[in-house]
There are 2 protein chains.
Amino acid sequence: MPTAPVRALEHPARGEIRLEGVLHALSDPTRLQIVRFLWRLDEAEGAPCSAIDLVVTKSTTTHHFRVLREAGVINQVYRGTAKMNALRRRDLDALFPGLLDTVLSADAIQCERDDREG
Amino acid sequence: MPTAPVRALEHPARGEIRLEGVLHALSDPTRLQIVRFLWRLDEAEGAPCSAIDLVVTKSTTTHHFRVLREAGVINQVYRGTAKMNALRRRDLDALFPGLLDTVLSADAIQCERDDREG
DNA sequence: GTCAAACTACGATTACCTTCGTACAATCGA
DNA sequence: TCGATTGTACGAAGGTAATCGTAGTTTGAC
């Protein structure tokens, strides 16, 4: 009988994901940057935390990834010393159709505007 | 020469509205309830703060309306003793197409689900 | 076994957010 | 003018959040 994996991570089930929580998770610039980054990846693949260049320290980075995971926005899985992160696209699209796409498209528009205006 | 209206209210210009601020404003259940209510109204008309039944006190209500105004989500205008509130649909749609509709539709889905599951 | 890499845990700090109560201000109608 | 209606200002309490530094754990590679 195999023992449970030592380093499991708590994720909310699909039905436990709350809109307010998702919106709050996305309302932080650093977290929005993370989500923007993950959005471009294949969901199955994911990326380690270290793949993104954030302006905060490592422990703050850990904090933001956890907020995203606990809100149900991302899925985190250990692979060796790394922790692979991927968006929970399927769950979010099933719960709140179009939300993720619309927010990220709005974010893209704002980024473009910010670039243009310096 | 007419003097400026005594009771003017500060609103962010369209270009000053930030996605993070909007998402944060929408991430509170009480404020989401306000926005849900205003969504059903004609933008030109609006409704006074007292038109909505919130479970918080008057001063807390004032606070939430101000957060929404300062984030650029609603427009507030004095009319007599009342303050009329309306969504800034046009501005939000121009800045972040589909965002408001998608969030409110997600909210409607969640409300329905909550009702079903008690 | 050792070491480096990737990430976590914990405590501290600083700041913000939600909520309230009380007292006040502006407007309208009688 | 007086009172009722609407909403504001202010201060305070209590909770939550973002950030950091330091010290640790887990894993894979040599």
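Only this structure's heavy atoms are used, side chains among them; waters, hydrogens and symmetry mates stay out. Chain identifiers are assigned alphabetically (A, B, ...) following the order of the sequence lines, protein sequences preceding nucleic acid strands; residue numbering begins at 1 within each chain.
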> Where the side chain of A:Arg31 is concerned, which of D:dA18, C:dT18, C:dC7 is the nearest nucleotide?
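Given the options D:dA18, C:dT18, C:dC7, the side chain of A:Arg31 is closest to D:dA18.
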> Closest approach of B:Leu38 and B:Asn85, non-hydrogen atoms and distance?
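Closest approach of B:Leu38 to B:Asn85, heavy atoms only: CD2-O, 3.6 Å.
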> Of all the nucleotides listed (D:dC20, C:dT19, D:dA18), which has the minimum atom distance to the side chain of B:His63?
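For the B:His63 side chain, the nearest candidate turns out to be C:dT19.
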> side-chain contact (heavy atoms from CB on, under 4.5 Å) for B:Leu99 and B:Leu92? Distances and angles first, verdict last.
CA-CA 8 Å; B:Leu99 182 66; B:Leu92 291 173; over 6 Å; no
> Among C:dC7, C:dA26, C:dC20, which nucleotide sits nearest the side chain of A:Cys49?
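Of all the options, the side chain of A:Cys49 is nearest to C:dC7.
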> Is a salt bridge present between A:Arg89 and A:Asp101, judged by a nitrogen-to-oxygen distance below 4.0 Å?
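Result for this pair is no, no salt bridge flagged.
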> Are any of B:His64's side-chain N or O atoms less than 4.0 Å away from OP1 or OP2 of C:dT19?
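Answer yes for this pair, as a side-chain N or O of B:His64 is under 4.0 Å from OP1 or OP2.
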> Between C:dA6, D:dA18, C:dA26, which nucleotide has the shortest distance from any of its atoms to the side chain of B:Thr81?
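The answer is C:dA26, which lies nearest to the side chain.
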> For the side chain of A:Thr30, starting at C-beta, report the closest nucleotide among C:dT19, D:dA18, D:dT19.
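Of C:dT19, D:dA18, D:dT19, D:dT19 is nearest to the side chain of A:Thr30.
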> Take the protein atom CD1 of A:Ile74 and the nucleotide atom C1' of C:dC7, then report the distance between them rounded to whole Å.
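It is 13 Å, rounded to the nearest whole Å.
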> Starting from P on D:dC20, measure out to CG on A:Leu54 and report it in whole angstrom.
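My rounded result for the distance is 11 Å.
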> Can you measure B:Phe65 atom CZ to D:dG7 atom P for me and round it to whole angstrom units?
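Between P of D:dG7 and CZ of B:Phe65: 8 Å.
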> Please state how far atom CE in B:Met84 lies from atom P in C:dA26, giving the value in whole angstrom units.
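Those two atoms, CE and P, are 21 Å apart.
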> Between the protein and nucleotides 9-15 of chain D, are there any N/O to N/O pairs under 3.5 Å, and if so, what are the atom names and distances?
{"unit_1": "D:dA9", "atom_1": "OP2", "unit_2": "B:Arg66", "atom_2": "NH1", "d": "3.4"}

> Output the rounded distance in Å from CD (A:Gln33) to C1' (D:dA18).
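Interatomic distance, CD of A:Gln33 to C1' of D:dA18: 15 Å.
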> Using whole Å, what does the distance between atom C1' of nucleotide C:dC17 and atom NE2 of B:His24 come to?
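To the nearest whole Å, that distance equals 7 Å.
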> May I ask you to decide whether A:Asp114 forms a salt bridge with B:Arg18, counting only side-chain N to carboxylate O separations under 4.0 Å?
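Salt bridge present between A:Asp114 and B:Arg18.
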> Taking all non-hydrogen atoms of both residues into account, name the closest pair between A:Gly98 and A:Asp93 and its distance.
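What the structure gives for the nearest pair is N-OD1, 4.1 Å.
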> Would you indicate, yes or no, if C:dC20 has its OP1 or OP2 atom less than 4.0 angstrom from a side-chain nitrogen or oxygen of B:Thr57?
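For C:dC20, OP1/OP2 do have a side-chain N/O of B:Thr57 under 4.0 Å.
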> What nucleotide among C:dA6, C:dT18, D:dG7 has an atom nearest to a side-chain atom of B:Ser50?
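For B:Ser50, the side-chain atoms sit closest to D:dG7.
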> Using atom types as modelled, flag every donor-acceptor pair under 3.5 Å from a side chain in residues 65-75 of chain B to any protein atom, sequence neighbours excluded.
{"unit_1": "B:Arg69", "atom_1": "NE", "unit_2": "B:Gln76", "atom_2": "OE1", "d": "2.6"}
{"unit_1": "B:Arg69", "atom_1": "NH1", "unit_2": "B:Glu10", "atom_2": "O", "d": "2.8"}

> Looking only at heavy atoms, which two atoms of B:Leu95 and B:Arg14 are closest? And how far apart?
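Scanning both residues completely, I find the closest heavy atoms to be CD1-O, 3.2 Å.
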> Give one of base, sugar-phosphate or nothing for A:Arg79, where a contact means two heavy atoms less than 4.0 Å apart.
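It contacts nothing in the nucleic acid.
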> Once you round it to whole Å, what is the distance between P of D:dT16 and CG of A:Asp28?
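My rounded result for the distance is 18 Å.
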> Starting from P on D:dT6, measure out to OH on B:Tyr78 and report it in whole angstrom.
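Distance check: B:Tyr78 OH to D:dT6 P gives 15 Å.
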